[in-house]
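This chain uses plain numbering: 1 for the first residue, then up along the sequence. Excluded from the calculations below are hydrogen atoms, water molecules and symmetry mates; all remaining heavy atoms, backbone and side chain alike, are included.
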Amino acid sequence: MSKNETEGLVLVLDVGETMSTKINRTTTYLQSCVDIIQMIVQRKMFQSSKDEIGLTLFGCDQTDNELWDGSSDDFRHVSLVRCLSIVDWEMLDYVQNKIAVSNIRGDVLDGILVALNHFADDQNKKKTFKEKRVIVLTDFSSCSNDDFKLKEIGKNLARQSIRLDVISPFSEDDANKEEKPNSETNSNSDDHHGSKQMTIAQKEALNLLNNLCEQAEGCLFSFDETLSLLSTYQARTIKSSGTKYQMTIGEKFSLPIVSMIKCKESKPEIFRFKKVFAKDENVELKTDRARFTKDDEQRDLNDKTDTVDAFKYGSTYVPIDSDTVSLKLEVEKCFNILGFTKSENVHKHYFSGDSVNQIMPDPSSGAQVEEAFVNMVRAMFEEDVFGIVRKVFNSRSSPEMGCLIPYVTKETTCLFYLSLPFDDDLKKITLENFTIMKKFKPSDKQLSLVEDLIDSMDLSRKIDQDEEELYDPHTTFNPYIQRMFQSIALRATNPSDELPNFDEHITNTHLAKIGSRIRNNTTQNILKRLQDEFPLKELVKKAKKNEENIFEKTKIENKEEVELISMNDENLTDILESGLESNKVKKVGTVNPVGDFKILAEKIVSSNSQEAKEEFEQICMQIQEIIKDLFEESLRQANSFNDADLNDMTVFSFQEKSFNCVKIMRQYSLKLNLHSEFNSFLKTFKIYLINESLKIKMAKYVENFWQKFFIDNNLGLINNLECTDSDVSSDAAEKFLNPLNENSNNSAKCTEETKEKEEVEDLLDLM
């Protein structure tokens, strides 16, 4: 921060005898003033501020200022105890431990004149400040009402452009209150400082200083107002000078712009802890490192000559000489608009980075550039589009992608820049579409309840016309940072004291106020109704199989548990787990063909594209091949067993797996109204089973498969009652499920007739 960006502040503190008046049983006027000064100093220290603060006391026993001539009563009992300088722990220690009440009454006007004279002296020493302030802390009990001094103060405030503020136990309203009887006044003397009535002299002094404040564009603050303003610590504020770019669109159009940080995460320097020597905290420890080989020789290595950077590629280290090989992409500083897109295409969850930048035209480029920039922003705002930008800060940084958001108000026309992620930054998580599942579809009553809950907890709306919005980032501070500042400040000044309770801190009380506003009776009633509408059920995790219970079946005690673990009605946990892997499924596999087919079919259902029929036919062909392979594998397994072993578990598992594939294929054929592919396959598959049943050893096995899975489950062709476009009647579908041996006799007769016809045709050909 340059010198002309700093602030000069002189504090003028009243330490006269009336400052020992108690606000309550434990706190005096002077103690409140000391607390306020401590907060001002601590805020400057934690900000690492270069602002300079001076301290002047009036009403003290000593006299130490340049305006006193050594004998006059003017400027007597006024001491400049600290000249303008950057705050340090020495000043904080002086304020906390070395200021005490005297038995003398000073003159507040003398204290102000000494402070103003100190500014004039510093100007002679070529000290310049961007802003100069004088803050007076007094109870208005000592004011001379000297017209000459008042005129001098007014002239100096105007000539040096100094702002005057006054902090006291009273406010302007207290000066307008009528005096109450002593009995009524003393009854509540311990409750609040306002219960102590002002004297006529104090009221006159308040009005006099209030007029001076108005002339110097200052304000009059009470103790309560000041403590609430200063109870929060602030990290160092750095004025952004802005980064200049040439914003280009294509090859021929460019505008000079300035990018300034509008919002950024606060990372105070105080959190960068350093290791120091315990016996002397001013001595910082230094870390010294040495490198040694792991071999038997234990050789000491020189960092520059004996070591080289390497990248571990698998199990091999690939040496990289950073001096000769540059792995970074060579880029140049740029701010290129690649194109524009509708705002609805840039979702809020795409915003990344830790800051928001405000883009303005370069003020040094003239009015034409500003006019072109404003017109472009207004056009973006009217068309509701965002700009997509490639930004490179400098030649040593990596390129980043971002978006430009137009912002147009009566006062400001600008662009906001936010970073966007690349594809490598996105975490691809695909979940099931809950809206197509009846189990998870909310009712109108449930939706209405959730909307009511959101309205009752809304912090962005005004409840009353005169009331400000409940949540305002400008008045809400990070409680973690505030607690850290509070603890460090206490440890620095009083290492042995216990840390104070943070519950009464202004930051915590502000957050509690926000919480109390949304925890009202309306919200509580809605939450109770939500519990009734969304009942929670405890899901028991499936026990892991081990050598003791691997063949045991899960015990089911009631019907609700049956619903939770049913294969046809998956629970939420299973859906979430399967959804994480759904993006990896590209085709129907042999490990979990039913699950793969379901994932791919659901994607086709949700997409509702014109190519849905072709895509569904493709996955149907894949699962048809798997059905045939699974059944053939069951035939091979059955061929190795005797007739008594045809119900073996291994054979049965292949049967069941192939049948489940047919079942899921039929389910989604109905859902997509694509019946022809399934009917054609099932007819072909039955002919295949009939041919296999003609084999002597396989006859019982194949007939048992058709009876047990297809006939008993009534799983046949899709008829015109299920799908109006189907050409299969219900009678034909029912006839299709006849046992295989009936169809085999008919097929044998057809085969003989076909052979006879073929022989006649061959004979005619020979003739």
Side-chain angles (χ1 to χ4, degrees), residues 342-351 384 428-465 467 469-471 514-541 556 558-583 595 597-610 612 616 664 666-674 721-725:
K342 285 289 184 182
S343 60
E344 61 190 22
N345 297 329
V346 183
H347 303 293
K348 289 185 178 180
H349 58 266
Y350 287 161
F351 295 154
D384 191 25
K428 297 177 178 62
I429 300 175
T430 305
L431 299 177
E432 289 290 339
N433 188 358
F434 293 143
T435 58
I436 63 175
M437 304 183 68
K438 294 182 180 179
K439 179 179 179 180
F440 300 109
K441 189 175 182 179
S443 64
D444 293 339
K445 185 177 181 181
Q446 290 174 331
L447 289 174
S448 177
L449 271 176
V450 174
E451 289 178 359
D452 292 342
L453 179 65
I454 294 172
D455 292 338
S456 67
M457 299 180 67
D458 187 6
L459 301 178
S460 61
R461 62 187 176 89
K462 296 182 180 180
I463 299 175
D464 300 325
Q465 292 182 353
E467 188 175 0
E469 293 183 359
L470 195 55
Y471 173 73
I514 295 176
S516 63
R517 289 292 299 275
I518 61 176
R519 287 194 297 270
N520 50 35
N521 294 331
T522 304
T523 306
Q524 297 298 330
N525 293 334
I526 295 174
L527 288 173
K528 290 179 181 178
R529 291 162 60 194
L530 280 171
Q531 288 179 345
D532 298 334
E533 287 295 324
F534 296 93
L536 299 179
K537 297 179 182 179
E538 184 177 357
L539 295 178
V540 181
K541 291 186 177 180
I556 303 174
N558 51 49
K559 293 182 179 180
E560 292 183 0
E561 293 184 10
V562 175
E563 294 178 0
L564 290 175
I565 64 174
S566 174
M567 289 290 292
N568 298 326
D569 192 13
E570 294 178 298
N571 59 50
L572 181 60
T573 306
D574 295 334
I575 291 172
L576 291 173
E577 290 176 353
S578 64
L580 295 174
E581 301 296 328
S582 63
N583 62 316
F597 184 88
K598 185 177 180 180
I599 290 171
L600 296 173
E602 284 291 350
K603 289 181 179 179
I604 295 172
V605 172
S606 59
S607 65
N608 196 20
S609 61
Q610 296 179 353
F616 185 71
I664 195 70
R666 189 182 194 277
Q667 176 184 336
Y668 279 95
S669 296
L670 273 172
K671 198 170 189 178
L672 290 166
N673 200 20
L674 300 173
L721 296 178
E722 296 175 293
C723 183
T724 55
D725 296 337

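Counting non-hydrogen atoms of neighbouring residues, nucleotides and ligands closer than 6.0 angstrom, the CG atom of Asp444 reaches no more than 12 such neighbours. For Asn521, the CG atom is loosely surrounded, since the number of other residues' heavy atoms within 6.0 Å does not exceed 12.
Classified by interplanar angle (parallel below 30°, tilted 30° to 60°, perpendicular above 60°), the ring pair Tyr350/His347 is perpendicular.
Residues passing the side-chain hydrogen bond (donor to acceptor under 3.5 Å, both in side chains) test with Glu722 are Arg666, sequence neighbours excluded. Residues that satisfy the salt bridge (charged side-chain N to carboxylate O under 4.0 Å, His left out) test with Lys445, not counting sequence neighbours, are Glu533.
Taken from CG in Asn525 to OG in Ser456, the straight-line distance is 10.0 Å, to the nearest 0.5 Å. Rounded to the nearest 0.5 Å, atoms CD1 (Ile604) and CG (Leu674) are 9.0 Å apart. Here CG of Leu527 is found 11.0 Å from OG1 of Thr522. Values are rounded to the nearest 0.5 Å. Rounded to the nearest 0.5 angstrom, Leu453 CG and Arg529 CZ are separated by 10.5 Å. Atoms NZ and OH, on Lys598 and Tyr668 in that order, are 5.0 Å from each other to the nearest 0.5 Å. Separating the CG atom in Asn673 from the SG atom in Cys723 is a distance of 4.0 Å, to the nearest 0.5 Å.
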